[in-house]
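This report concerns only the one structure given below.
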Amino acid sequence: MQHYSGFALLKHSFSHHENWQRVWRNPTPKKKYDVIIVGGGGHGLATAYYLAKQFGVTNVAVIEKGFLGGGNTARNTTIVRSNYLWDEAAHLYEHAMKLWEGLSQDLNYNVMFSQRGCLNLGHTLQDMRDIERRVNANRLNGIDGEVLDAKQVKEIVPALDCSENARYPVLGASWQPRAGIARHDAVAWGFARGADAHGVDLIQQTEVEDLIIEDDTVVGVRTKRYGDIKADRVGCVVAGNSSVLAKMAGFELPLESHPLQALVSEPIKPILDTVVMSNQVHGYASQSDKGDLVIGAGIDGYNGYGQRGSYSTIEHTIQAIVEMFPIFSRVRMNRQWGGIVDTTPDACPIISETPVKNLFFNCGWGTGGFKATPGSGNVFAASLAKGEMHPLAKPFSMFRFHDGSLVDEHGAAGVAH
Amino acid sequence: MLHIYCPHCGESRDEEEFHPVGQAHIERPKDPDACSDKEWGEFLYFRRNPRGLHHELWVHAAGCRKFFNMTRNTQTYEIKEVYKLGEQPSVVAE
C-alpha cells in the first residue's frame, strides 16, 4: 500500500499527480474463503479490515451488490458520540469512540474526525432529569459528559434560541465534548484501502442471491455474477436488507426496515461549530466543513425498502430546526435523500450468532450505526475470527428477544429516533 | 407522500392524516401462560419485514380515528388495497 504523507504529496507533485496507485484492487473472487462478509458498507469494510489486520485472517472477501460505502454509510448525518445510558450500549459505543480517536493514523487515511462536541437539549423538567441520569451513568462508565444550563448552552451555540419565549424553551443540555462528526465516505474508503492492503478481496457489483446451507451450517454464498463462492464463516452486514438475507437462511429477525431521511442546505459561512440534537422538538443539525447544514429527520413510520420517504417527515424536521434556530429560517435546502434503516424493538443492534451454524449477523443499528462503525467492525471481526461472540457483543444477541434481556435504549439515549 | 383511501370515510386523504401502526393480523396467543419464552418473544417483538407486499394496520388518526388494514408494496410503496378490520385481503402477501 502506498503510504500517504506530506512527503508523498510533494514527491507526486513532480509527476503532476499522475502516478498514484489505485486505492484498492478490483479482483475476481477465489473459489473459497475463510470468511465472507456480505455487505461492503462502513461496518462490513471495518470488519474485513480488523479481521485481516488485528486477527490475522486475510483470506477474506467482502461482497457488495452496489459500490463500496454506497448505502447508509453515504446517507447518514456523520455524528459520532457515545453517551448511551445502559452499560452494555455505553461500552460498545465507547469502544468505537476510542477507535475513532486514533482512526486516521491507524488507517493512514484522513477520516476528518472532528471532536467538536455534541449537545442533547432538554426542554422539559423530565428531559433534564433524564439528562442528569444519563450523564451520571456515562461518567460512571468513564465517558465524558456534563449537564449544562440554558446560559451555558447559549455560550456554546449563540445561534440557538435559548430564550424563555420559545415554544419549547431550552432548559439545558447534556454535553459530550469528545463527540463530533467524521467524513462518512472517507471512513468507508479508508477501511476499504486498509483491508485491501492486507489482502482482503473487495468484490463489488455482485449481489448475493442465496446463502448455501448444508446440515444447518452455512458453507458459502450464491451470486449471479460469479456463481457459488465457498466460505467457512459468513458474516452478514447488510443493514436495511438484513431481513431479506435472514429469510434466505430460513429464520426471522426482530427487525423492521424504515426509510430515514436527511437533508443538507446550501453552503453558508461558519455558524454552528458543534452538533445540536433535540428529542423534544425532534430535529438535529451540524455544519459540515463545506459549510452546509446537515440535518437529520426521524424515520418514516411505515416499513419501506425504497430509500425514500414522505415529504411531511422532512417538513416536520425543518419546522423543528427553525424552532431551534430562527436565524436559519431563510436558508435554502439543497439536497434531500433517504436510506433504509433496520430498527430493532429496543433500539440496540444485533451482533449475533444465528440458528444457522457459522452464519453471523451484524445488523439492527437502526438510525445510529455510523458512530459505531470502527467498534462494530472490531467486535464483529473478533467474533468471526474466533467463532464465538466478543464480550462486548454478547449482550446484543438476537436471542435476547426470546429471553427478554433487552438493552432498552429507546428514548433513553438522547437519540432522535 | 402517500395518498390513502380510508375505507371508513370513503375518501382519499393525505398521508399526514394517518398513522402506521405496524404489521396487521397479529393474533395474541389465546393462552399466554402456556407460551414458551420463544413463542411469547415472537408475539411481542418479531414482525414480518418483507421487501415486497406487506399487510399493515393503519389508523386514520387526524380523521375518523378508526383502524383499517392496508396491503402495500414496501419497495415501490404502491398501495394494493385497503380493507376493514375483520376482513381478509384479496391480494395476499407471500
Side-chain angles (χ1 to χ4, degrees), chain A residues 65 207 238-248 251-259 261 299-316 319 338 340-348 350 355 363-364 366 397-408 410, chain B residues 1-6 12-26 29 32-33 35-63 67-80 82 93-94:
Chain A
K65 75 171 172 183
E207 185 167 355
V238 296
N241 285 303
S242 297
S243 296
V244 179
L245 255 83
K247 198 178 165 196
M248 292 175 190
F251 59 90
E252 292 205 325
L253 289 166
L255 296 175
E256 290 192 286
S257 296
H258 290 272
Q261 301 180 81
I299 58 169
D300 283 74
Y302 49 79
N303 289 22
Y305 284 85
Q307 292 189 321
R308 63 187 191 280
S310 294
Y311 180 73
S312 50
T313 307
I314 52 173
E315 194 178 19
H316 289 309
Q319 285 165 354
I340 317 167
V341 296
D342 44 332
T343 59
T344 56
D346 62 356
C348 271
I350 292 170
C363 58
S397 159
M398 64 176 281
F399 303 108
R400 72 181 186 269
F401 298 97
H402 285 151
D403 62 26
S405 52
L406 274 59
V407 186
D408 191 6
H410 233 314
Chain B
M1 177 81 75
L2 305 176
H3 208 50
I4 298 171
Y5 181 83
C6 172
S12 287
R13 297 288 186 88
D14 265 358
E15 179 197 330
E16 264 204 284
E17 290 189 14
F18 299 86
H19 187 76
V21 184
Q23 183 186 330
H25 305 295
I26 296 173
D33 291 337
C35 282
S36 65
D37 284 355
K38 187 166 185 283
E39 285 164 348
W40 188 246
E42 282 178 5
F43 163 66
L44 283 183
Y45 301 120
F46 285 67
R47 298 290 176 261
R48 308 258 356 257
N49 188 26
R51 186 168 67 189
L53 286 186
H54 190 34
H55 301 298
E56 298 170 326
L57 182 65
W58 285 69
V59 59
H60 195 178
F67 288 81
F68 62 93
N69 290 330
M70 179 191 296
T71 306
R72 195 175 59 90
N73 187 316
T74 60
Q75 179 89 62
T76 63
Y77 298 177
E78 182 197 358
I79 298 169
K80 284 281 182 199
V82 291
E94 56 167 313

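These numbers come from the heavy atoms of this one structure, side chains and all, not from hydrogens, waters or symmetry mates. Labels below follow one simple rule: chain letters A, B, ... track the order of the sequence lines, proteins then strands, and each chain is numbered from 1. These numbers were taken from a predicted model, which means no experiment stands behind them.
- Rounding to the nearest 0.5 angstrom, the gap separating the CD atom in Gln75(B) from the CD1 atom in Ile340(A) is 7.0 Å.
- The structure places CG of Asn303(A) at 9.5 Å from OH of Tyr77(B), a figure rounded to the nearest 0.5 Å.
- Across Glu39(B), Arg48(B), Gln23(B), Arg47(B), the residue that shares the most heavy-atom pairs under 4.5 angstrom with chain A is Arg47(B).
- Once rounded to the nearest 0.5 Å, the distance linking CZ of Arg51(B) with NZ of Lys247(A) reads 10.0 Å.
- Under a cut-off of 6.0 angstrom, the local environment of OH in Tyr311(A) is sparse, with at most 12 non-hydrogen atoms contributed by other residues, nucleotides or ligands.
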For side-chain hydrogen bond (donor to acceptor under 3.5 Å, both in side chains), just list the numbers for Ser312(A) and Glu16(B), CA-CA rounded to whole Å, side-chain angles, deciding distance to a tenth of an Å, and then say yes or no.
CA-CA 7 Å; Ser312(A) 50; Glu16(B) 264 204 284; 4.9 Å; no

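- Between the side chain of Asn49(B) and the backbone N or O of Ser257(A), at least one donor-acceptor pair lies under 3.5 Å.
- Taking the six-membered ring for Trp and thresholds of 30 and 60 degrees, His402(A) and Phe46(B) have nearly parallel ring planes, at less than 30 degrees apart.
- With a 4.5 angstrom heavy-atom cutoff, Ser36(B) does not touch chain A via any of its atoms.
- One distance of note links OH of Tyr302(A) with CD of Glu56(B); it measures 9.5 Å at 0.5 Å rounding.
- Here the CD-CZ distance, from Glu42(B) to Phe401(A), works out to 12.0 Å after rounding to the nearest 0.5 Å.
- When each of Glu315(A), Glu252(A), Arg308(A), Gln307(A) is checked for heavy-atom pairs under 4.5 Å with chain B, Arg308(A) comes out on top.
- If you measure heavy-atom distances from Trp40(B) to chain A, you find no contacts under 4.5 Å at all.
- Contact record, Gly301(A) with Pro20(B): C-CG, 3.4 Å, taken as the closest heavy-atom pair.
- Interface remark: Asp346(A) contributes no atoms to any contact with chain B (heavy atom separation under 4.5 Å).
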